[in-house]
Structure formats: structure tokens, C-alpha cells
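These notes concern the structure reproduced below.
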There are 2 protein chains.
Amino acid sequence: MYERNEYPRPMVTVDTIVFALREDDLQVLLVRRRHPPFEGTWAIPGGFVEMDETLETAAQRELEEETGLACVALEQLYTFGDPGRDPRGRSITVAYFAAVPAGSVVARAGDDAAEVGWWSINDLPPLAFDHDEILAYALTRLRYKLEYTAVGFSLLPEQFTLTQLQAAYEIVLGVRLDKRNFRRKILSAGILSPAGGYCAGEGRPARLYQYRDDAVAEVKARRLFP
Amino acid sequence: MYERNEYPRPMVTVDTIVFALREDDLQVLLVRRRHPPFEGTWAIPGGFVEMDETLETAAQRELEEETGLACVALEQLYTFGDPGRDPRGRSITVAYFAAVPAGSVVARAGDDAAEVGWWSINDLPPLAFDHDEILAYALTRLRYKLEYTAVGFSLLPEQFTLTQLQAAYEIVLGVRLDKRNFRRKILSAGILSPAGGYCAGEGRPARLYQYRDDAVAEVKARRLFP
DNA sequence: ACAAAAGTGTTGAGAGTACACCCATGC
DNA sequence: GCATGGGTGTACTCTCAACACTTTTGT
């Protein structure tokens with residue numbers, strides 16, 4: 001056996017799955033790796049945890065370094081640590097996930113990323129490490145959360161129409177919802193307030209709404225949909 | 001900056017919170033630490049991850065080594081990794097939790113545990129590291145899971161009466177439930193089958209039930225209680 | 001005027017909740 | 001026979017799901 005402080009230590013990384021609704025589809029932000037292993041392969045943005053930062057801070061930092069995306073609310077997803085998941089040696093990754101509005105600007109590729117891109121969840125490239133497993137898990141969790149909490153709103157711009165909101169739910173959940181029932185339910189939940197403006201489009205202009213930040217973040221005790 | 005493989009590495013541990021219903025109360029299994037830091041202080045059982053085992057295997061192994069408890073179903077809870085949570089240096093712990101029947105035998109204290117004991121969740125001793133925070137989180141999660149899934153059954157022996165099951169729900173959730181509504185709901189969920197026997201007690205003997213393992217593990221799509 | 005999207009109510013079914021008494025056994 | 005816990009049914013309310021037409025704008 002080893003003395004307490006002489007245990008061999010695994011590498012510890014953080015990875016962040018970022019979801020957005022783009023092109024009528026649920027997409028995730030991926031980076032093409034600039035370094036081995038899996039050089040040139042697409043992967044979830046992430047990297048090594050520094051010794052003096054929290055895990056969430058590390059996730060934020062790596063996300064910004066590799067994709068330019070900053071200031072997004074992260075939630076811890078799961079920790080993956082099977083031996084053999086990394087060819088360099090024992091490695092444990094704490095996965096985080098986020099949902100962002102479609103308009104979020106993704107600046108540049110960073111030091112460790114040769115390229116940054118959005119990929120449809122239904123049409124993914126081959127992925128590095130066990131990142132396909134992590135993504136599958138993240139998708140399950142996103143759907144689950146959508147039914148119980150208010151994550152749906154973080155996929156939309158600050159102001160949005162009820163039709164946009166319904167479309168977001170339909171795309172993520174992969175089901176069609178009844179317009180009247182949807183509107184009644186979301187309005188009676190009391191988490192939206194009219195923004196006052198209208199959004200002109202091809203037909204009749206639609207009322208704009210915004211999320212009431214005075215509503216508790218977690219929509220309590222009752223699922224929203226279906 | 002460091003070369004890839006030369007990053008300083010945090011220590012990685014696993015900790016397992018074990019819940020049981022004892023003495024009409026929700027209790028957790030704790031160990032008194034045999035070694036520094038926090039020597040002599042109560043803590044959640046756990047320890048260092050070896051390089052060739054999965055995180056869950058590590059949690060199982062440490063739990064058995066320190067408390068003698070084996071073969072329990074674990075679920076990953078959360079990963080805690082704030083710098084400063086361990087005086088020895090940067091340390092990250094992957095927390096697991098389990099619910100076991102009251103009768104589960106806890107054998108002996110192990111190498112790293114001077115003593116093993118059950119503590120009521122409402123009357124805990126001072127705890128090592130950030131273990132109070134971890135326990136609070138585990139309790140929240142247990143309550144949450146109880147409403148949506150079938151964890152309630154893992155707190156009971158294989159065969160149990162409906163009154164025992166109701167008491168389990170009441171203790172964990174901290175609320176009183178209506179007997180008739182409880183029985184109707186739990187029976188109509190179709191996850192129990194009569195075991196055939198009866199449990200003699202002070203009054204009329206109570207019918208014994210068991211959990212139907214052909215029922216899907218997660219009671220799907222509808223919360224059980226309230 | 002017409003195309004295109006926004007907006008709006010009602011009804012029937014099922015689930016949740018509140019509530020009080022009889023039944024089987026041990027002592 | 002009585003104390004103790006086991007077991008049962010009904011009425012009301014509320015939420016959910018199904019369903020189609022009118023309104024407002026741009027072209």
C-alpha cells in the first residue's frame with residue numbers, strides 16, 4: 001500500500017457541452033483538437049483543471065479559451081472516469097453543460113482548438129475519447145430538465161414569442177405540442193411577462209415575452225411539459 | 001504553461017453516503033477517521049481511487065473496506081472539488097449515495113476507520129472536510145428521487161407491509177400522508193405484488209408485499225408522491 | 001383579396017384530495 | 001371484550017388532452 005500522499009493521481013479535466021437551437025435543430029458546440037491524442041478529431045471543449053480554481057471556474061475558463069464563449073450558466077452533469085477512457089493514462093473528467101441562445105457569438109478557435117463548430121445532435125462526427133457517451137447523457141439530461149425546470153428559456157434570446165418558445169420545446173423534446181394547451185399552461189405558470197413589444201413577421205405580429213427573473217429559477221413542484 | 005502530461009494532478013477520492021431508516025428516523029452511515037487530517041472526526045466513508053478501477057468500483061471497495069457493507073446499488077451524486085476542501089492539498093471527491101434496508105449488517109471498522117456508526121440526519125456530529133455540505137446535498141437528492149422513482153423500496157426489507165412503506169415515505173419526505181390515498185396510489189402504480197404472507201404484530205396481521213422487479217426501475221413519467 | 005402566422009374556449013376524462021368507519025388478531 | 005393496527009369507498013375539485021375558427025398584418 002501507499003502512504004496517504006503518495007497515491008498515484010489521475011489526470012482531472014473538465015468538459016462542457018453547450019446546446020443551442022440552430023437551423024431548426026438542436027446543436028452542440030464542438031472543437032477540433034489541435035494536439036494528440038485524437039489530433040484533428042472533434043471533441044467537447046474542455047481541458048485540465050488548475051490547482052487553484054473551482055471545477056466550475058475551470059469549465060468556464062476552458063470553454064472561453066477554446067471557443068471564445070464566456071459568461072454562460074453551467075450545471076454539473078456527471079463525472080466520467082472509467083480506466084481506459086484516455087490513452088494517455090488514467091483520466092477523470094467532470095462534465096458540465098449549458099444551454100445558450102442561438103445568437104451567442106462563438107469567437108475564434110483557441111490554443112488547443114484548430115476549429116470550432118456547431119453540430120446537429122442528430123448528425124455528429126466521430127468524437128474523441130468517450131465523448132459520444134457524454135453527449136448522449138447530456139441530451140437525456142437536457143430533455144429531462146426541460147420538463148421540470150426553466151432551462152427552455154436559456155435556449156432563447158431575452159425576448160421571444162410564444163411560438164418560438166413552443167418550437168424550442170418541440171425541437172428538444174422531439175414531439176409536437178398543442179398550441180392552445182401550450183400557451184395556457186406556460187402563461188398560467190406565471191413565469192413570463194409581456195415585454196411590451198411585438199415581433200413583425202410574415203403574418204400577424206406576435207407579442208414578445210420575457211422570462212420573469214423574479215420567478216424561482218427551478219419551476220417548482222410541477223412539471224411543465226408534457 | 002505545462003506540457004500536457006506534466007500538469008499538477010489533484011488527489012481524487014470517492015465518498016459514499018449510505019441512508020437507512022432506523023429508530024423511526026432517517027440515518028446515515030459514518031466512520032470515525034483513524035488518520036490525519038481530521039483524525040478522530042466523523043466522516044462519510046470513502047477513500048482514494050486506484051488507477052485501474054472505475055469510480056463506482058472504488059466507491060464500493062472503500063465502503064466495504066471501511067464499514068463491511070457490500071453489494072449495495074450506488075448512484076453517482078455530485079463531484080465536489082473546491083480548492084481548500086482538503087488541508088492536504090487539492091482534492092476532488094466523487095460522491096455516491098445508496099439507500100439500504102435497516103437490517104443491513106455493518107460488520108466492523110476497517111483499516112482507516114476507528115469506528116462505524118449510524119447517525120440521525122437531524123442530529124449529526126461535526127464532520128470532516130466539506131462532508132456536511134455533501135450530506136445536505138445527498139438528502140435533497142434522496143427526497144427528490146423518492147418522489148419520482150422507486151428508491152423507497154431499497155430502504156425496506158425485501159418483503160414489507162404497506163404501513164411500513166408509507167412510514168418510510170413519511171420519514172424521508174417529512175410529511176404525513178393519507179393512508180387510503182397512499183394505498184390506492186401505490187397499488188395502482190402496479191409496482192408491488194403480494195408476497196402471500198402476513199406479518200403478525202400487535203393488531204390485525206398485515207399483508208406482505210414485495211417490489212416487482214419486472215417493473216421498470218425508474219417509475220416512469222409520473223411522480224409517485226405527493 | 002389572399003396568404004401567413006397569431007391568438008383564443010369548451011368539453012370530457014382521469015387523477016388528486018379530503019374524509020370515517022369496520023375488521024382481524026393478541027392479550 | 002378491548003386495545004391495536006389493518007384495511008376499505010365516495011364525492012368534489014382540478015388538471016390534462018383533444019379539438020377549429022377568427023384576427024391581424026404584409027404583399
Side-chain angles (χ1 to χ4, degrees), chain A residues 21 24 146-149 152 156-157 159-171 173-210 219-226, chain B residues 21 23-24 102 146-150 152 156-157 159-171 173-210 215 219-226:
Chain A
L21 296 173
D24 292 326
L146 196 70
E147 297 181 9
Y148 290 93
T149 73
L156 294 172
Q159 300 193 350
F160 48 85
T161 69
L162 291 184
T163 303
Q164 288 174 327
L165 181 61
Q166 181 176 347
Y169 273 85
E170 289 180 336
I171 290 172
L173 295 178
V175 296
R176 313 263 318 180
L177 300 170
D178 178 87
K179 182 160 63 159
R180 282 163 294 186
N181 292 340
F182 180 88
R183 292 161 110 89
R184 182 181 25 256
K185 198 162 177 177
I186 204 82
L187 288 177
S188 70
I191 51 180
L192 296 187
S193 61
Y198 288 83
C199 167
E202 244 183 305
R204 173 174 170 178
R207 200 169 192 139
L208 285 168
Y209 288 85
Q210 59 201 0
V219 179
K220 272 194 56 181
R222 160 104 31 69
R223 54 195 306 194
L224 284 173
F225 294 94
Chain B
L21 296 173
E23 302 163 357
D24 292 327
L146 197 70
E147 296 181 8
Y148 290 92
T149 72
L156 294 173
Q159 300 192 351
F160 48 86
T161 68
L162 291 186
T163 303
Q164 288 174 326
L165 182 61
Q166 181 176 346
Y169 273 85
E170 288 179 337
I171 290 172
L173 295 179
V175 296
R176 313 264 318 180
L177 300 170
D178 179 87
K179 182 160 62 159
R180 283 163 293 188
N181 293 338
F182 180 88
R183 294 161 108 90
R184 181 182 25 258
K185 197 162 178 178
I186 204 81
L187 289 176
S188 70
I191 51 180
L192 297 186
S193 61
Y198 288 83
C199 167
E202 246 184 302
R204 172 174 170 178
R207 201 172 192 134
L208 286 168
Y209 288 84
Q210 58 200 1
V219 178
K220 272 193 55 180
R222 160 105 30 69
R223 54 196 306 196
L224 284 173
F225 294 95

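Heavy-atom basis, side chains included; hydrogens, waters and symmetry copies ignored. Chain A is the first sequence line, chain B the second, and so forth, proteins listed ahead of strands; every chain is numbered from 1.
Taking atom OH of B:Y198 as the reference point, atom P of C:dA24 lies 10 Å away to the nearest angstrom. Rounding to whole angstrom units, CZ of residue B:R207 and C1' of C:dT25 are separated by 16 Å. Between the CG atom of B:D178 and the C1' atom of D:dT10 there is a distance of 13 Å, rounded to whole Å. Between B:K179 atom NZ and C:dT17 atom C1' the separation is 17 Å, expressed in whole Å. Rounded to an integer number of Å, the gap from CD of B:Q166 to P of D:dG7 is 11 Å. Between A:R176 atom CZ and D:dA18 atom P the separation is 14 Å, expressed in whole Å. The interatomic distance linking A:R180 (CZ) with D:dA20 (P) rounds to 8 Å, in whole Å. Look at CZ on B:F182: it is 12 Å from P on D:dG6, rounded to the nearest Å.
In this model, the phosphate group of D:dG6 is approached by a side-chain N or O of B:T163 to a distance below 4.0 Å at OP1 or OP2. For B:R183, a side-chain nitrogen or oxygen approaches OP1 or OP2 of D:dG7 to under 4.0 Å.
Between D:dG6, C:dT25, D:dC19, one nucleotide has an atom nearer to the side chain of A:N181 than all others, and that is D:dC19.
Distance check, rounded to the nearest 0.5 Å: OG1 of A:T161 to OH of A:Y209 gives 10.0 Å. Note that CG of B:L192 and CZ of B:R207 are 11.5 Å apart. Values are rounded to the nearest 0.5 Å. Between the OG atom in A:S193 and the CD atom in A:Q159 there is a gap of 9.0 Å [rounded to 0.5 Å].
In this structure, B:Q166 contributes its side chain and B:L177 its backbone to a donor-acceptor pair below 3.5 Å. When atom types are taken as modelled, the side chain of A:Q210 and the backbone of A:F160 share no donor-acceptor pair closer than 3.5 angstrom.
Side chain B:K185 to base C:dG16: no donor-acceptor pair is found below 3.5 Å.
Both B:Y209 and A:R204 lie close to DNA chain D; mapped to their nearest nucleotides by heavy-atom distance, the more 5′-ward contact belongs to B:Y209. For the pair B:A206 and A:E202, nearest-nucleotide mapping onto DNA chain D gives the more 5' position to B:A206.
If you check every strand for non-hydrogen atoms under 4.0 Å, A:R184 touches a base.
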